[in-house]
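Beneath this line is the structure, given in structure tokens, with notes to follow.
Both backbone and side-chain heavy atoms feed into the values below; hydrogens, waters and symmetry mates do not. Here the structure is a predicted model, which means the values were calculated and not measured.
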Amino acid sequence: KKMKYVTIEKGLGPEGRIAIVRFDRGDRLNALSADAMRELRAAAQSFEDDPATSVVILTGTAHGFSAGFDLKDPEGRERTKLGLGERRAALMVGPRMCRAWYEMEQVTICAIEGHCIGGGAALAVSLDFRICGASAHFRIPEVELGMNMSWGSVPRILQLIGPARTKQAVILASDRISAQQAEKWGLAEEVVADGQAYAAAFAFAEKIAAQPPIPTMMTKTTVNRLAGAHDDLASHMDRDQFALTNLSEDHAEGVAAFMERRKPKFRGR
């Protein structure tokens, strides 16, 4: 099936075991609209019956991996007018995309250049490894917009960097986490020269693809199951917290301040 923003290339590397998934909306932001998220989810699911592929690289553009949820997406904006039941259903697009990538049997590597923000970071931590260009950075702006960080990402970030750094990364929403910091914290495995993230991810993929595929998959699945055993418990209320915080005065203020490029005034209301 032809996709608009996502291309899949299979059969690369040792024994043709590497696949590349490229996400490119043709602009600098590479934001996650509802359609883009459905395509990314479908891309992950397309590997379910593909034992010939054992490593999948996900890459954005040279400018950025993703600026996160697309605030201009009409489908996203319409959500605010929905009743609670419809809104809860609509809020599953992002979490389902992330879960599809997290649950893949293949080993997954994220090649990140430029910005990796909000929902982009949620997607990146759903993969096994992250390789960054030197100028790449992560940022999690949700709290500053008066919302919780959702899409099941908090437990996944916690698995990678521990409690204190997770609180720091999520609560201090304005702070950029540079590629170098990310590597130190355990949020990235490797930092390379700008423009080289994809090449480094491919070199890493080649090493993994050369291993026996069956125990490789078994190992990944075992580690994920153990590390993520309590993830559902921790994140089942994600979307309800999201629906709730979206009704707050602080959320309205956070978004208004962002749009007007001014400092927000939060009141805990």
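- Remark: side-chain polar atoms of E39 are paired, donor with acceptor, to backbone N or O of V6 under 3.5 angstrom.
- The two atoms that bring P141 and A173 nearest to each other are CA-CB, 3.8 Å, heavy atoms only.
- When atom types are taken as modelled, the side chain of R269 and the backbone of F266 share no donor-acceptor pair closer than 3.5 angstrom.
- Placement of M3 and I20 in two distinct hydrophobic clusters is found when ILVMFWY residues are connected by side-chain heavy-atom separations under 4.5 Å, directly or transitively.
- Panel note: side chain E260, backbone A257; no donor-acceptor pair is recorded below 3.5 Å.
- Both L127 and I112 belong to a single network of hydrophobic side chains, linked directly or stepwise wherever heavy atoms of I, L, V, M, F, W or Y lie under 4.5 Å apart.
- Two different hydrophobic clusters hold I177 and I131 under the rule that ILVMFWY side chains link at heavy-atom gaps under 4.5 Å.
- For residues 183-197, the set of pairs meeting the side-chain hydrogen bond (donor to acceptor under 3.5 Å, both in side chains) definition, not counting sequence neighbours, comprises S135-D194.
- Under a 3.5 Å cut-off, the side chain of R17 and the backbone N or O of P51 do form a donor-acceptor pair.
- In the hydrophobic clustering of this structure, I161 does not group with Y102; members are Ile, Leu, Val, Met, Phe, Trp, Tyr whose side-chain heavy atoms approach within less than 4.5 Å, directly or through other members.
- At most 12 non-hydrogen atoms from other residues, nucleotides or ligands lie less than 6.0 angstrom from CZ of R267.
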Can you list the steps and then say if T216 with Q211 is a side-chain contact (heavy atoms from CB on, under 4.5 Å)?
CA-CA 7 Å; T216 297; Q211 300 298 323; 3.5 Å; yes
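- Looking at D238 and S235, their side chains never bring a donor and an acceptor atom within 3.5 Å of each other.
- Without hydrogens or angle criteria, H115 side chain to L29 main chain gives a donor-acceptor distance under 3.5 Å.
- Side chain of E86 to main chain of G83: a donor-acceptor pair is present (N/O by atom type, distance under 3.5 Å, no hydrogens or angles).
- Under a 4.0 Å N-O distance rule, the pair R38/E75 qualifies as a salt bridge.
- Residues E144 and S174 bring a donor and an acceptor atom of their side chains to less than 3.5 Å of each other.
- With hydrogens and angles disregarded, no donor-acceptor distance shorter than 3.5 Å links the side chain of S248 to the backbone of L244.
- Within the 4.5 Å cutoff, the side chain of V154 has heavy atoms near those of the M149 side chain.
- For W101 (side chain) and L40 (main-chain N/O), a donor-acceptor pair under 3.5 Å exists by modelled atom type.
- Linking ILVMFWY side-chain heavy atoms closer than 4.5 Å, directly or via other members, places L187 and L58 in a single hydrophobic cluster.
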Just do the side-chain contact (heavy atoms from CB on, under 4.5 Å) check on Q106 and V55 with the steps written out, would you?
CA-CA 5 Å; Q106 288 83 1; V55 192; over 6 Å; no
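- Between P163 and L158 the shortest side-chain heavy-atom distance falls below 4.5 Å.
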Evaluate side-chain contact (heavy atoms from CB on, under 4.5 Å) for E142 paired with N148, printing each intermediate quantity in order.
CA-CA 6 Å; E142 278 70 7; N148 66 316; over 6 Å; no
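- Using a 3.5 Å distance cut-off with no hydrogens or angles, the side chains of D128 and T108 do pair a donor with an acceptor.
- In plain terms, the two heavy atoms of A111 and F65 that are nearest each other are O-CD1, 3.9 Å.
- The local environment of CE in M218 is sparse, with at most 12 non-hydrogen atoms from other residues, nucleotides or ligands closer than 6.0 Å.
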Between V21 and T59, does the side-chain contact (heavy atoms from CB on, under 4.5 Å) criterion hold? Intermediate values first, please.
CA-CA 6 Å; V21 176; T59 180; over 6 Å; no
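- Counted by atom type alone, D175 and Q168 present zero donor-acceptor pairs between their side chains at under 3.5 Å.
- Residues M147 and N246 have side chains in contact (heavy-atom distance under 4.5 Å, counting atoms from C-beta outward).
- Shown here is Q241, whose CD atom has more than 12 heavy atoms of other residues, nucleotides or ligands within 6.0 Å.
- When every heavy atom of A121 is checked against every heavy atom of I140, the shortest pair comes out as CB-CG1, 4.3 Å.
- With a 6.0 Å cutoff to the six-membered ring centre and a 45° limit on the axis angle, R22 does not count as a cation-pi contact of Y5.
- Within a 6.0 Å radius of CG in L226, other residues, nucleotides and ligands contribute more than 12 heavy atoms.
- Residues L12 and F202 have side chains in contact (heavy-atom distance under 4.5 Å, counting atoms from C-beta outward).
- D70 places no side-chain N or O within 3.5 Å of a backbone atom of L32 that could act as its donor or acceptor partner.
- Judged by distance alone, the side chain of R25 and the main-chain N or O of A31 form a donor-acceptor pair under 3.5 Å.
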